[in-house]
Each structure stands twice: as C-alpha cells, then as structure tokens.
2 protein chains.
Amino acid sequence: MKSEKISELTTNRLSVYLRCLNDLVTEGAKTVSSDGLAKRFHLNSAQIRKDLAYFGEFGVRGVGYYIENLRDQLTKILGLEKEHRVAIIGAGRLGTALADYYGFTQTNFSVAGLFDADSKKIGQTIGGVEIFDIKNFADIAKRDKIDVAVIAVPAPFAQNVLEQVAEAGIKAVMNFAPTPLRVENDVKLKTVDLTISLESLSYFLAQPNGSNSKNLKSNSNRRRIKQVEKV
Amino acid sequence: MKSEKISELTTNRLSVYLRCLNDLVTEGAKTVSSDGLAKRFHLNSAQIRKDLAYFGEFGVRGVGYYIENLRDQLTKILGLEKEHRVAIIGAGRLGTALADYYGFTQTNFSVAGLFDADSKKIGQTIGGVEIFDIKNFADIAKRDKIDVAVIAVPAPFAQNVLEQVAEAGIKAVMNFAPTPLRVENDVKLKTVDLTISLESLSYFLAQPNGSNSKNLKSNSNRRRIKQVEKV
DNA sequence: AATTTGTGTTTCAAGTGTGAAACAATATGA
DNA sequence: TCATATTGTTTCACACTTGAAACACAAATT
C-alpha cells in the first residue's frame, strides 16, 4: 500500500500556518499570498504551497489565499472543528499543572478529568477538574467521549498506563513521562520529554564553542581518557 | 571553520543513554555492551557506539562499557556535573506549574526564581520560589548565577522577553510560548510547543487510515473543494 | 487582449540521519 | 597460545526533508 504519507513536520507546519491565519483574521486582512506567509516564518513560499497542495487547491492564482477560507480548511484538516476531550493520567504536580493549563486555553481541547491510582486523591477536584480512579478509566472515557490521553505519571508506571489507555480505545496519547514507550501502531503516541530538552540545553552550555567537539577526539585526549579508564 | 558538529538527535540520545545507565547502576550491573544498551531502546548497537565515539573511547573491547564510568563521562559531556540555575519568566499558570514541577525533581536543575511584570504578583512566593520583577532580571541573574531561562509568557510578549534574557547574558533558553522566536546564534533556544503537539494528535484522529491522504487529492475531490471556494 | 500576479506542480540537488555490514584491534578466559 | 567477545571505525545505500528553479495555468487589472 503506497499511500502518500504526510510527514509530521508538515502537519506541524500546518498548525503554525493556522495560528498565523487566526492572527491575520483578527488583523482584518482578506487574502494572503504564500510569499506573505513565508515572510512571517523563516520558510520559503514554495514550501508553504507544497504543504497546502497535499490537501487540495485552496488558493486562487494571481490572488493568493482567502484567509478565512484557508483557516477553515486547515481547521478541518487538523480535525479542530470539533471539540476534543482530554484525560490526564496522573494527578501529581505535572498532571494537575497541565489540567490547569489546558483547562483555560481557548482551544478545542477541554479536560474531561484527571485520573490517579491514589485513593486519597480520588474524588477531589482541582481547578474544576475531578480526579477519578484510574480503574474506571474505560467506563468514564466512553461516557465522556474522551479521545485524547495525557500521561503524566512517573516513568515506571507509564507503560502500564499507556496499555490501559489503549485498551480503552484511545487513539491519541501525549506522554510526559521521561521514558520510551511502546504501543500498537494504530495509536499515535507523542512524547514530550522535558528532561531531555533541559539536558540538551545543558550540553550546549558545556560546549562553549558551539558544539565543536573534534578536539575531544584528538589523540592526546583519547589516550588520557584511556588511562583514566585503566585506573 | 569545518568543525565536527554533533547533531541534537545525538545529544538527545546521550541523554537517554545516561538515564538508562543510572537505572543500570541501581540494578547493580557492572558492565554493559552496546548491544545490551541497544536492546533497551529500539536502536541498533552501531548507532550507540557511533554516538559515544564522537566524544572519546569509553568502552573496553571484548568487555563493553563500565557502567559507572560511562555514566560519569556522559554526565560530564552533558554538563550535568554542576548545578544549573533556572529562571522562569512568566508567573502565570504554566510558569508556576513548571516552577513547582522542576523544583521537586531530583535533577541538577534548580529554580532560582519566577519573574513577572505584574506588580500584584511580585514579591509573592509560590512553592518556595519568589516572584521577582522582570525589570530586575539582569541583576538577579548575575547575583544568583542563573544560566538557564524558561519562557512561559503569552506569545505576544515572548520575543521581547527573549531579548531581555539574552541581553542579560543567558545562553540557554527554553521557550513554551506558542510562537517562533528569533535570537542571536550564540544563544541556544529550544521551543516546546504544546499546542502544536496537541494539534498534531488531532490531525491523526481526523485521518483514521493513518495519514493516507492521497484520496483527498483525487480529482473529484479537488473539484469539489474548488467549488466550495467559489461560493 | 495583453500584462501581471501568484498558485499548483514537477524536478533536481544537497544535506542529514539511519541501518547494515564489514573488519581490525584488543581484552578476557580457557 | 588460541578462541571468543565486543569495541572503534569506515563504508555504502537508503530515506527523508528542504531549497531552488522552472513553468503552465488561472484570475485580476489595465
């Protein structure tokens, strides 16, 4: 099955375009060219046209794109015309913070509930969001039409939680636990690893010349490292 | 200047290796082979050896890697042997959540302070972290040896904040504001866009067949889209 | 009707990352 | 001493993404 696959980089850009279009709508503009869009990012116009052309012909030759129309099209393509219900698993610091954060953004994502295994937490309400027992996840997910799960539990529990969530029929999962997870490929898993991001920054700070490390590999250095090993 | 550049993907993997090595140390193992490490992730062993070889010869032929030694080496390479002081700009929901979150992880990153422009917030303490006036950022950064900044302000203010932070000499910035930012290239900027991540999940849900979109581009469909445009 | 603008689309080159394979070098153990 | 294990390193092919260029085509303007 040789299907034209849309890369994630492309859909990420669509997301950026959409955000920009929303700004343009509030600015009151009517049309925008691929070149006009390109200048807002650091992309070239051909890239933008290519991205959009994957999904249809939205532009008008000689004119550009009708902003509101393109916005609506992208909204549909990204599946943002209907509301998504999000479950956050793990009512610890990160989980509750995310519940608080997502709950108040003016997006199409609304937090349906927090889930935890700790009986002390179950039944509490944090920022208007109730904490449920993870054991009841499947039922509540069905009842509340939850379609997105966010994993915010400690790393050792993440795989188990992911399996429970997948078992309940959730097809889109965002993982904040700092550990690689495995999942059937009909489930989309997106891991955001804040630790890796921070450590990557740390690496940059540790390499003042901007990640030139050839010197570390020089012979003298290698030998020195070698000797240390022998100790 | 043709310096051997280490890709960010490589340093990200180093971060993952390090995490794994820490686990192995607590498990009490002494050595591990590249093959043994590879099985823990979904990588092949050559990749791991290649990644490590950028920085020196850490392994022992016929034996593998001495776990504690490799852990120490990676810790140094990633610059994690010394503590990093983090400033979080924006004492809103996300900022305070991150302060709370980072403050309690057992990493080498500690939160030095929150910064905001809202005079009502300044002087308050949240989870043991004081909120300072962003105007005093440069002084406090110097005093407290802050070397990492986290931007958690609304998108329209992010660029301005970034410039202030860079002006104060900060070389590593993590941005949570959903907007692209520009910065001198002696500053390392890492943007984590949770909105894009969520919308990318939404796209997946909207394309049930797993991102096969060739049908969207079929002629009949194109014509239909075209007609809608004409309305 | 001619010109201009800007999309839709194709093509090619370049850069990057991955995977697999191969092999010399070296440490361990029998 | 010899066999075995495993690293360090190179090489090649493959896939993916981007960038740039080119051009037909359609719409708007004059």
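Below, read A as the first sequence line, B as the second, and so on, with proteins coming before strands; counting in each chain starts at 1. Bear in mind the structure is a predicted one, so any value in this text is a computation, not a measurement.
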Original post:
Taking NZ, NE, NH1 and NH2 as the nitrogens, is one of them in Lys188(A) or Glu8(A) under 4.0 Å from a carboxylate oxygen of the other?
Top reply: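 Counted as a salt bridge, because a side-chain N and a carboxylate O are separated by less than 4.0 Å.
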Original post:
To the nearest Å, how far apart are Glu57(A) CD and dA26(D) P?
Top reply: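 Whole-Å distance recorded here is 10 Å.
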Original post:
Given atom CD of Gln47(B) and atom C1' of dA15(D), what is their separation to the nearest angstrom?
Top reply: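 In whole Å, dA15(D) C1' and Gln47(B) CD are 15 Å from each other.
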Original post:
Which whole-number value in Å describes the distance from Arg49(B) CZ to dA22(C) P?
Top reply: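 Rounding to the nearest Å, CZ of Arg49(B) and P of dA22(C) are 14 Å apart.
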Subject >> Phosphate OP1/OP2 of dT7(D): any Ser34(B) side-chain N/O under 4.0 Å >> reply: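 For dT7(D), OP1/OP2 do have a side-chain N/O of Ser34(B) under 4.0 Å.
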Original post:
Between Gly62(A) and Asp51(A), which has a closest nucleotide on DNA chain D that is more 5'?
Top reply: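 Nearest-nucleotide comparison on DNA chain D picks Asp51(A).
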**OP:** Let me know the distance between CD of Glu8(B) and C1' of dT17(D), rounded to the nearest Å.
**Re:**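 Rounding to the nearest Å, CD of Glu8(B) and C1' of dT17(D) are 17 Å apart.
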Original post:
Taking only N and O in the side chain of Tyr65(B), is any of them less than 4.0 Å away from OP1 or OP2 of dG8(D)?
Top reply: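 So the side-chain polar atoms of Tyr65(B) do come within 4.0 Å of the phosphate oxygens OP1 or OP2 of dG8(D), strictly under.
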Original post:
Nearest of dT26(C), dT17(D), dT18(C) to any side-chain atom of Leu9(A)?
Top reply: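 The answer is dT17(D), which lies nearest to the side chain.
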Original post:
Yes or no on side chain to side chain contact (heavy atoms under 4.5 Å, CB included) for Glu27(A) and Leu24(A), after CA distance, side-chain angles and deciding distance?
Top reply: CA-CA 5 Å; Glu27(A) 285 172 19; Leu24(A) 284 170; 3.7 Å; yes
Original post:
At under 4.0 Å between heavy atoms, what does Ser7(B) touch on the DNA or RNA strands: base, sugar-phosphate, or nothing?
Top reply: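 Sugar-phosphate: the residue Ser7(B), judged by heavy atoms under 4.0 Å, touches backbone atoms but no base.
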Original post:
Do the charged groups of Asp35(B) and Lys39(B) touch, with an N to O distance under 4.0 Å?
Top reply: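 Yes.
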**OP:** Counting heavy atoms from C-beta on, name the nucleotide in dG8(D), dT7(C), dG19(C) closest to the side chain of Asn44(B).
**Re:**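 The answer is dG19(C).
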Original post:
Rounded to the nearest 0.5 Å, what separation is found between the CG atom of Leu70(B) and the OH atom of Tyr17(B)?
Top reply: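 So the gap between those two atoms works out to 10.5 Å.
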Subject >> Interatomic distance, Asp35(A) CG vs dT7(C) C1' [rounded to whole Å] >> reply: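 From Asp35(A) CG to dT7(C) C1': 11 Å.
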Original post:
Which nucleotide in the set dT17(D), dA27(D), dG19(C) lies at the smallest distance from any side-chain heavy atom of Val60(A)?
Top reply: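 Selected nucleotide: dA27(D).
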**OP:** Whole angstrom is fine here: how far is it from CZ in Phe58(A) over to P in dG8(C)?
**Re:**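 Computing the Phe58(A):CZ to dG8(C):P distance gives 9 Å.
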Subject >> Per Arg61(B) side chain, nearest of listed nucleotides dA24(D), dT6(D), dT18(D) >> reply: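 The listed nucleotide nearest to Arg61(B)'s side chain is dT6(D).
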Subject >> Nucleotide of dA20(D), dA20(C), dG8(D) approaching Lys50(A) most closely (side-chain heavy atoms) >> reply: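 Output: dA20(D).
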Original post:
Over how many whole Å does the gap from Tyr54(A) atom OH to dT7(C) atom C1' extend?
Top reply: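 Taking atom C1' of dT7(C) as the reference, OH of Tyr54(A) is at 16 Å.
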Original post:
Between Leu52(B) (CG) and dT7(D) (P), how many Å, whole number?
Top reply: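 Roughly 10 Å, once rounded to whole Å.
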Original post:
Choosing from dT28(C), dT7(D), dA21(D), which nucleotide comes nearest the side chain of Ala46(A)?
Top reply: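 That would be dA21(D).
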Original post:
Any ion pair linking Lys76(B) and Asp72(B) (charged N to carboxylate O, less than 4.0 Å)?
Top reply: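 So Asp72(B) does not pair with Lys76(B) through a salt bridge.
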Original post:
Given dC25(D), dT28(C), dT6(D), which nucleotide is nearest the side-chain atoms of Val63(B)?
Top reply: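 Output: dT28(C).
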